[in-house]
Amino acid sequence: MADRFLKKIVRLRSQNYTCSRRTMRFSTTAAGTEEKCLQQTQSGSKSVNLFTAINQALHVALETDPRSYVFGEDVSFGGVFRCTTGLADRFGRHRVFNTPLCEQGIVGFGIGLAAMGNRAIAEIQFADYIFPAFDQIVNEAAKFRYRSGNQFNCGGLTIRAPYGAVGHGGHYHSQSPEAFFCHVPGIKVVIPRSPQQAKGLLLSCIRDPNPIVFFEPKWLYRLAVEEVPENDYMLPLSEAEVIREGSDITLVGWGAQLSVMEQACSEAEKGGISCELIDLKTLIPWDKETVEASVRKTGRLLVSHEAPITGGFGAEISASIVERCFLRLEAPVARVCGLDTPFPLVFEPFYMPTKNKILDAIKSTVNY
Amino acid sequence: MALSAHRSTATTLLRHLSAATATIPSLRNLSTDSANPLTIETSVPFTGHKIDPPTRSVETNSQELMTFFRDMALMRRMEIAADSLYKAKLIRGFCHLYDGQEAVAVGMEAAINKKDCIITAYRDHCTFLGRGGSLYETFAELMGRKDGCSKGKGGSMHFYKKESGFFGGHGIVGAQIPLGCGLAFAQKYNKDENVTFTLYGDGAANQGQLFEALNMAALWDLPAILVCENNHYGMGTAEWRSAKSPAYYKRGDYVPGLKVDGMDVLAVKQACKFAKEHALKNGPIILEMDTYRYHGHSMSDPGSTYRTRDEISAMRQERDPIERVRKLLLSHDIAQEKELKDIEKEVRKEVDEAIAKAKECPMPDPSELFTNVYVKGFGTESFGADRKEVRAVLP
């Protein structure tokens with residue numbers, strides 16, 4: 001049913017490493033809230049790419065709440081990835097505005113704006129540039145509510161930033177810094193995998209009463225295209241989704257990596273291995289129950305992300321599942337991640353957790 | 001355009017003499033700079049902030065002007081070639097071109113020596129060339145080949161040349177500025193009598209790090225020269241949209257500053273010479289170079305959505321740094337039009353040859369992915385399936 005929305009043609013991200021175009025399809029099986037959400041909104045939908053879906057979400061956010069603001073470097077011109085196109089013209093430059101090039105200032109300003117009861121939607125141009133703002137996020141935003149005994153908060157703050165590899169981005173336009181933020185109680189970290197997900201999750205993030213870091217897979221901005229409902233809808237946070245059902249091994253991932261994992265699952269299926277694929281969507285607080293239930297069924301777990309393996313969020317998932325499902329596990333938890341090196345320029349194909357690496361890990365885990 | 005150059009009578013005389021007698025070699029072949037001095041006035045006066053600006057009259061000579069012309073033409077050609085290579089997908093990653101701003105790199109080098117340090121952001125190809133880097137190393141690095149100046153591991157944004165004090169090539173806007181102060185502190189501590197030029201753009205001028213660095217530099221009287229290359233657009237944002245005061249030379253408050261025509265190579269040279277003397281005696285100074293980039297911010301920016309094509313072509317016609325020198329050379333009768341055209345042809349050939357050679361150069365060995373993450377001697381090794389993990393054994 002929701003499959004209709006999830007049909008997409010994606011020029012797969014692995015093209016630079018392997019070859020060609022393929023058709024990608026996420027088959028959805030998870031029922032519940034999300035499907036209901038979508039049912040209500042089937043009135044009108046269009047096939048759009050991910051940046052357009054983000055753009056739609058921002059239009060909706062600004063339209064539905066007069067106290068919402070969008071700001072960041074170059075956003076009033078539409079942003080470097082065109083996510084904020086048309087916002088300034090429609091809502092005015094007092095609500096959609098460019099900031100100087102100062103990430104620490106952008107986030108700190110956003111915290112103040114949110115503390116006055118507004119929805120501050122800040123853009124950091126690349127996730128790689130978020131580190132000057134790390135102090136504001138970790139020490140100011142995340143702890144504001146706690147340390148003021150709930151007198152103040154910056155729950156209206158949402159920080160959007162494009163993350164991840166694009167095939168040729170080099171050291172400072174490719175990193176996946178999500179794990180740093182997953183170590184910070186008080187903020188949420190959300191990463192969508194597709195246009196339809198991006199719109200619903202972003203609207204949830206903007207309206208969630210907690211500060212959120214929302215990482216957008218920049219590789220998919222133009223490549224991922226699917227049917228996206230045109231109206232206002234939200235997808236629940238902290239709820240993982242089983243996007244492919246299987247019985248032999250559970251794969252957990254998020255964002256752009258899911259399309260690579262999906263390919264590996266299809267390949268594995270040809271060899272008779274039935275894979276269950278889970279999109280975590282919210283990294284903290286994450287949906288342990290869905291992952292646990294799946295691993296109890298399959299007895300095996302593989303986690304994959306682009307960020308370096310050591311200290312990556314895969315480590316946390318692995319540890320939690322081992323704690324909960326120790327006696328059900330039939331093989332060690334496998335992690336297929338980026339290498340423990342800086343994100344490389346010319347070595348990107350070696351660095352990336354590619355389909356073949358995942359496929360190898362699936363086989364060795366199942367045959368353990 | 002006010003090309004207010006004064007012809008030195010002495011030089012004219014000399015030139016006439018040399019033309020007349022066969023015993024005196026042609027001016028351009030003279031190896032001694034002092035043989036044919038010229039004094040040329042800068043396009044506009046310098047403007048000082050809490051400091052008396054240097055004189056507009058710049059000492060130079062015909063040979064230096066010819067070198068300026070050649071160096072800038074080479075840089076221009078190199079950047080245009082990089083543009084094509086990027087479009088042909090031979091250069092990957094992010095690529096920021098310097099064409100239009102050549103006078104800053106060239107003028108600065110003319111005033112300092114290789115023991116002075118330079119540190120800049122990601123628009124670094126020409127600064128590298130100015131520091132003595134070769135075209136081959138440049139193109140090899142741009143294309144990620146192993147003979148590149150960073151062994152092909154850095155790419156466009158990360159050029160370095162340690163032996164001539166070029167500390168690179170930094171990817172994060174403004175992050176190199178405090179580093180420059182650290183370099184200057186070391187120079188002062190070692191009593192080197194050298195200075196550090198820290199370059200940043202008008203966009204970076206709004207980063208908090210700049211002000212942290214300025215305070216430290218002034219507090220400890222460091223020989224730090226902060227060079228704001230003001231090309232008037234921080235990516236797509238015009239300076240006045242992002243800066244309350246676009247008078248960047250004044251924004252050091254307690255740190256003196258100088259506004260310089262960054263399209264006039266002689267003005268840049270004069271300012272840098274002046275700044276070096278000042279910094280060694282009195283501590284930091286800001287130089288705001290009023291310059292212009294012809295290309296967009298990076299290769300993904302056509303550069304024409306936030307400024308008019310008229311503005312760009314007017315800049316090319318009226319303030320182009322290479323054309324300025326060309327006019328000086330012609331008006332002082334130092335070179336003929338044809339000779340300059342020949343230089344440009346020569347330069348084009350050099351660039352093409354370097355590209356051809358760089359294309360032949362292999363990519364670095366995949367094992368290089370694991371080197372230089374930690375110090376080798378510390379026992380870094382890669383292990384595991386696919387060698388996907390790096391272990392650094394501490395001594």
Side-chain angles (χ1 to χ4, degrees), chain A residues 16 73-81 93 97-106 108 125-126 128-133 135 166-175 308-310 334-354 356-357 360-361 364, chain B residues 89 91-95 122 143-146 148 150-158 170-175 201-210 234-237 241-244 297-298 300-301 305-306 363-364 366 368-373 382 384-392:
Chain A
N16 286 29
E73 292 155 16
D74 286 344
V75 300
S76 81
F77 305 132
V80 290
F81 291 105
R93 287 178 192 272
F97 46 91
N98 288 338
T99 60
L101 219 161
C102 51
E103 290 78 12
Q104 187 175 19
I106 293 170
Q125 202 160 60
F126 281 84
D128 310 65
Y129 308 166
I130 207 167
F131 298 109
D135 177 60
V166 286
H168 57 96
H171 316 70
Y172 294 112
H173 296 87
S174 309
Q175 298 173 82
I309 185 164
T310 300
R335 286 184 291 155
V336 184
C337 307
L339 307 183
D340 281 339
T341 67
F343 196 101
L345 177 65
V346 288
F347 300 118
E348 188 173 323
F350 300 103
Y351 172 93
M352 294 291 283
T354 51
N356 286 341
K357 288 185 189 173
D360 284 351
S364 60
Chain B
K89 297 202 169 178
I91 298 175
R92 306 312 305 269
F94 283 65
C95 185
Y122 38 77
M143 292 191 276
R145 310 302 166 109
K146 76 179 176 56
S150 308
K151 296 184 194 161
K153 294 168 81 168
S156 162
M157 304 203 296
H158 309 288
H170 295 257
I172 299 297
V173 172
D202 47 304
N206 299 316
Q207 280 275 357
Q209 302 193 56
L210 168 62
M235 295 194 64
T237 307
R241 290 180 190 272
S242 62
K244 180 67 185 170
H297 166 77
S298 72
S300 51
D301 167 20
T305 49
Y306 47 84
M363 303 292 251
E368 284 285 319
L369 172 55
F370 296 98
T371 59
N372 315 129
V373 181
S382 57
D386 288 337
R387 301 198 296 180
K388 65 183 179 184
E389 288 171 76
V390 170
R391 174 159 44 204

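Order of the sequence lines fixes the chain letters, A, B, ..., with proteins taken first and strands second; residue numbering starts at 1 for each chain.
Using cut-offs of 30° and 60° for the angle between ring planes, the A/His173 and B/Phe94 rings count as parallel.
Taking the ring centroids of A/Tyr172 and B/His158, they lie under the 6.0 Å cut-off.
Of the residues considered (A/Thr99, A/Asp128, A/Val80, A/Thr341), A/Thr341 shows the highest number of contacts with chain B, using heavy-atom pairs under 4.5 Å. Taking chain A as the reference chain and counting heavy-atom pairs below 4.5 Å, the highest number among B/Gly144, B/Gly236, B/Ala243, B/Gly203 is found for B/Gly236.
Contact annotation: the side chain of A/Val346 never approaches that of B/Arg145 to less than 4.5 Å [non-hydrogen atoms, C-beta and beyond]. Inter-residue side-chain proximity for B/Val373 and A/Asp340 is flagged as unmet; no heavy-atom pair is nearer than 4.5 Å. In this structure the side chain of A/Leu339 reaches within 4.5 angstrom of the side chain of B/Phe370, judged on heavy atoms.
Closest heavy-atom contact between A/Cys102 and B/Asn206: CB-O, 3.6 Å. The heavy-atom pair separating B/Pro366 from A/Phe347 by the smallest distance is CA-CE2, 3.7 Å.
Using a 4.5 Å cut-off between heavy atoms, A/Phe126 touches chain B through its side chain atoms alone. Of the atoms belonging to A/Glu103, heavy atoms from both backbone and side chain fall under 4.5 Å from chain B.
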For this session: Determine, step by step, whether B/Ile91 and A/His168 satisfy the side-chain contact (heavy atoms from CB on, under 4.5 Å) criterion, reporting the C-alpha distance in whole Å, the side-chain angles of both residues, the deciding distance to 0.1 Å, and the verdict.
Result: CA-CA 9 Å; B/Ile91 298 175; A/His168 57 96; over 6 Å; no

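Residues satisfying the salt bridge (charged side-chain N to carboxylate O under 4.0 Å, His left out) test with B/Lys151, not counting sequence neighbours, are none. Residues satisfying the side-chain contact (heavy atoms from CB on, under 4.5 Å) criterion with B/Thr237, sequence neighbours excluded, are A/Asp74, A/Phe77, A/Asn98, B/Arg241, B/Ser242.
Side-chain polar atoms of A/Gln104 and B/Gln207 form no donor-acceptor pair below 3.5 angstrom.
The closest donor-acceptor contact from the side chain of A/His171 to the backbone of B/Gly155 lies at 3.5 Å or more, if one exists at all.
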